[in-house]
Amino acid sequence: QRHVVASRSLLLFAFRPRLKLLPQRAMGLGPGGLLVAAAAAASSTVSTSARLVATPPRLGIGLGPLGQLLPDRVEVSELQLVAKPGLVSQVLAPLDETATPPNSSAFAHSPLDVLRRGAANRTQAEIVRVRLNAQGDGRALLGSLIFSGIGALLILMLFTLLRRRAPEVYAREGASVDGTNGPKDWWALVRATSPDDEVRAAGLDAWALLEFYRLNIRIIWMIGPPILLVICPAHYVATRGSPDFLGRLDISGIPDRSAFYWMHAAFVWFVVLSVSFCVSVAHRDFLARRFRWLRSAPSPQATTVMVENIPEALRSDAALKDYFCGRDGLFMRRSEIVADAYIVRKTYQLRPMWEHLQELRRTLSLARSSRRQGHEESDAEEEEKLRQLAQDVRDQEQEVAAERMRVEAAVAVRDPSVCSSSGFVTFTSVLWQRLALKEDFRANKAEFVISAPADPSDVVYENLMADAVGSHTREWLGWLCLLGLFLGWSPVVVFISSWTTLSTIEAYVPLADDALRIASDILPFLPSLVEGVLATAALRLFLALLPDILYRIITGCFCVKSGVAAQFRLGRWYFSFLLIFVLLVTTLGRSLVVTAVALAKDPTRIIDLMAVWLPRASHYYFSYMIMGWLTLAWEMTRFANFAVYYSLTAFHGSGPKAAKHFSEPESAASYGMGARMGLASLMFAITIVFSTCSPLMLVFSLVYFSIGRMAYGYLLVHAETRKPDSGGHFWVEAMRQGCFIL
């Protein structure tokens, strides 16, 4: 069957020499399409002799990993091609990943044309422009190292300058900023901060993220030296004769059935056992801190339970309390057990009134701050505006108070338009709260669902007000949105990647084309450097928007009860998306659905797919890890917060304290614990997967996790607003993901 497929391709090439087909369309047609494209090029008057030699992975690049049904080697001697000079190399470019695309407008396509053609004829790896390893990658890798290294240093210098210009942006609200503007003092702060200080200042979740970075550093230092000292020389010896130095350090160049694979099997188990040991030690430390966190949890959160699906007869504060400690209560009239009970109110009218009051207060605060900063006597008109604003605030406060009284009166009579099906019960001790969490209070388990509450400032009361039918409908809509995101992401990435190619930039920005041509005469490696940077630009740009898209789906469709719960879902789904469409993208072929169906029929096929394709794309992931240095350094600048702070102080006349208050917090989607932990887990996966097959990854990963430890050690503890704490749930999820990766 394999030989029949190859024979059909050759016959198609032999008997249809005049078929018209653009060479670019052949990129997604597999071996048959490539040969047809070569035949289509035979329409001119120049005769060229070419020798077509290809191996299955190169010929089948358009078919994806599931289409590798070709024989081990296809060779056609003295193949006569009639084509224009330079066109044969363009047609056969898919057979040679090292070929440089010609700078010709004849082959340029606008981004809209690329979007119209769609991704039907391209594999998922081609869509995100994942290149297989090829000779000459060393120069591109060197360019990426220079670009990211110098770029990270420049960003750190920018951070130092911005911190000196606006120290309030880079310090906790209310913290002293005197004498903390030097270029080294922030690094001294990070080094002087102990793990206990991290827990006290930023919470157990922040410590978990920092400890996860430290854990990766310890793992790399444990497995790195043996692997680099043994496997790298072994690869170099096993691939003797290869002209590509970088390729000689990878496993992909080792011949089949080589004895060196037995050494790899031993080192794989060395990595698994070493990582398991490090994880076990780190988890014991986490458990000790978790128990201390539980004992030190503040009241009333530590003594309160959240109750959902409360029956209508109990939907008032008094009725809910009587259910526990009333005449027929669960705790036999022992009123000292329950301190308070509270039914969540449906404040659909009160909430917009309260938000309007907050906006008026903000406007009044900015106006007063601007007046104080002016150091001039205000005229009569400005004085009148301030008096009017103050009067508006007082009037709105009265309306809010009246509405609150109406809501409380409705709760006393169990008005269904005000009383929701959720509430909180506060006990007098932690012991009673723990006992209540373990009990089932109703025969129907769907009623009176007891759970531990989130931080009071983090509770999403709008979702607690929602009815059950509406919540289920929104959840179905959310799952459909997630399914559409997973299955329909390809056109979006195709459109973005069409704008981040060197040919597109040269076609639409002539000045850039001229500048690049002049610069390449001075620095010959510059085009390779630019291509290496742009190769991951489209994927990174889309992934930068992905947390915000996922977060909007979660908060808009799923009935999450707290911001921490939304972050937890975001972290889990973000990691899943990254794992599939970044790390495993080369194994997906043309479609996630097609690959999933094929693997459902033969699950063992996933082993072959990863073994064949992941090592051959290791150089791409080198660049991906190196480009991560820039993103970590850029987070330290807090550029969005600085922009808001600067605009308030420079254009609105606000004082530093007011500007600091209104510029916080940072985006919960992009800079929350979920997105950060999900990305860290992906980088851990890339490090472990390529640790033995491409040992240089350990060096680049060590730099990445060291920068991350430095950046987040400063941001989470000394700069950003303290985030609500789940008590370590993100750490447990990261450990589960780590075990899955192993």
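- Looking at heavy atoms from C-beta onward, Glu198 lies out of side-chain contact with Leu716 at the 4.5 angstrom threshold.
- Smallest separation of non-hydrogen atoms from Gly149 and Trp629: N-CE3, 4.3 Å.
- When ring centroids are compared, Phe267 and His264 stay outside the 6.0 Å threshold.
- At distances below 3.5 Å, not a single donor-acceptor pair connects side-chain atoms of Tyr621 with backbone N or O atoms of Leu614.
- Here the side chains of Phe270 and Pro226 are in contact, with some heavy-atom distance below 4.5 Å.
- Asn216 contributes a side-chain N or O that, together with a main-chain N or O of Phe212, makes up a donor-acceptor pair within less than 3.5 Å.
- Contact annotation: the side chain of Tyr213 never approaches that of Ile707 to less than 4.5 Å [non-hydrogen atoms, C-beta and beyond].
- Aromatic pair Tyr714/Phe159: ring centres closer than 6.0 Å.
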Query raised in the report: For Leu698 and Thr687, what are the C-alpha separation, side-chain angles and deciding distance, and is it a side chain to side chain contact (heavy atoms under 4.5 Å, CB included)?
Result: CA-CA 6 Å; Leu698 294 171; Thr687 302; 3.9 Å; yes
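- Nearest heavy atom pair, residue Leu630 against residue Ala152, reads CD2-N, 3.4 Å.
- Counting non-hydrogen atoms of neighbouring residues, nucleotides and ligands closer than 6.0 angstrom, the OH atom of Tyr261 exceeds 12 such neighbours.
- Residues Gln737 and Met677 form no side-chain contact, since every pair of their non-hydrogen atoms from C-beta on lies 4.5 Å or further apart.
- Side-chain atoms of Ile251 and Thr692, non-hydrogen and from C-beta on, never get closer than 4.5 Å to each other.
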Requested in this report: Decide side chain to side chain contact (heavy atoms under 4.5 Å, CB included) for Arg218 and Trp221; before the verdict, give the C-alpha distance in whole Å, the side-chain angles of both, and the deciding distance to 0.1 Å.
Outcome: CA-CA 5 Å; Arg218 292 195 296 269; Trp221 276 114; 5.8 Å; no
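- When atom types are taken as modelled, the side chain of Ser280 and the backbone of Ser276 share no donor-acceptor pair closer than 3.5 angstrom.
- Here the side chains of Met697 and Ile227 are not in contact, with every heavy-atom distance at 4.5 Å or above.
- Considering every non-hydrogen atom in both Pro695 and Leu249, the closest pair reads CD-O, 3.5 Å.
- Going from atom OH of Tyr671 over to atom CG of Leu715 covers 10.0 Å, rounded to the nearest 0.5 Å.
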Query raised in the report: Could you go step by step and tell me if Ile606 and Leu584 meet the side chain to side chain contact (heavy atoms under 4.5 Å, CB included) rule?
Result: CA-CA 10 Å; Ile606 185 63; Leu584 302 178; 5.7 Å; no
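- Here CG of Leu141 is found 10.0 Å from CD1 of Ile146. Values are rounded to the nearest 0.5 Å.
- Side-chain atoms of Arg572 and Ser576 form no donor-acceptor pair, as typed in the model, at a separation below 3.5 Å.
- Taking CZ from Phe700 and CE from Met625, the interatomic distance works out to 10.0 Å, rounded to the nearest 0.5 Å.
- Nearest approach of Cys278 to Ile219, heavy atoms of both residues: CB-CG1, 3.7 Å.
- A 4.5 Å side-chain heavy-atom check between Ile741 and Phe575 finds at least one atom pair inside the cut-off.
- Using cut-offs of 30° and 60° on the angle between ring planes, the pair Trp207 and Trp731 is tilted.
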Requested in this report: Take Phe286 and Val732 through the test side chain to side chain contact (heavy atoms under 4.5 Å, CB included) and record every step on the way to the result.
Outcome: CA-CA 9 Å; Phe286 162 75; Val732 176; 3.9 Å; yes
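- Rounded to the nearest 0.5 Å, atoms CD1 (Ile155) and CE (Met636) are 11.0 Å apart.
- Checking side-chain atoms of Thr631 against main-chain N and O of Gly628 turns up a donor-acceptor pair under 3.5 Å.
- Contact detail for Ile217 and Arg709: the closest heavy-atom pair is CD1-CB, 4.3 Å.
- The backbone N or O of Pro615 sits less than 3.5 Å from a side-chain atom of Asn133, completing a donor-acceptor pair.
- His283 NE2 to Leu215 CG: the interatomic distance, rounded to the nearest 0.5 Å, is 12.0 Å.
- Remark: Asp137 engages His619 in a side-chain hydrogen bond (donor to acceptor under 3.5 Å, both in side chains) (not counting sequence neighbours).
- The CG atom of Asp285 sits 9.0 Å away from the CZ atom of Arg214 when rounded to the nearest 0.5 Å.
- Closest approach of Ala282 and Glu211 over heavy atoms only: CB-OE2, 4.4 Å.
- Inter-residue side-chain proximity for Leu632 and Tyr704 is flagged as met; some heavy-atom pair is nearer than 4.5 Å.
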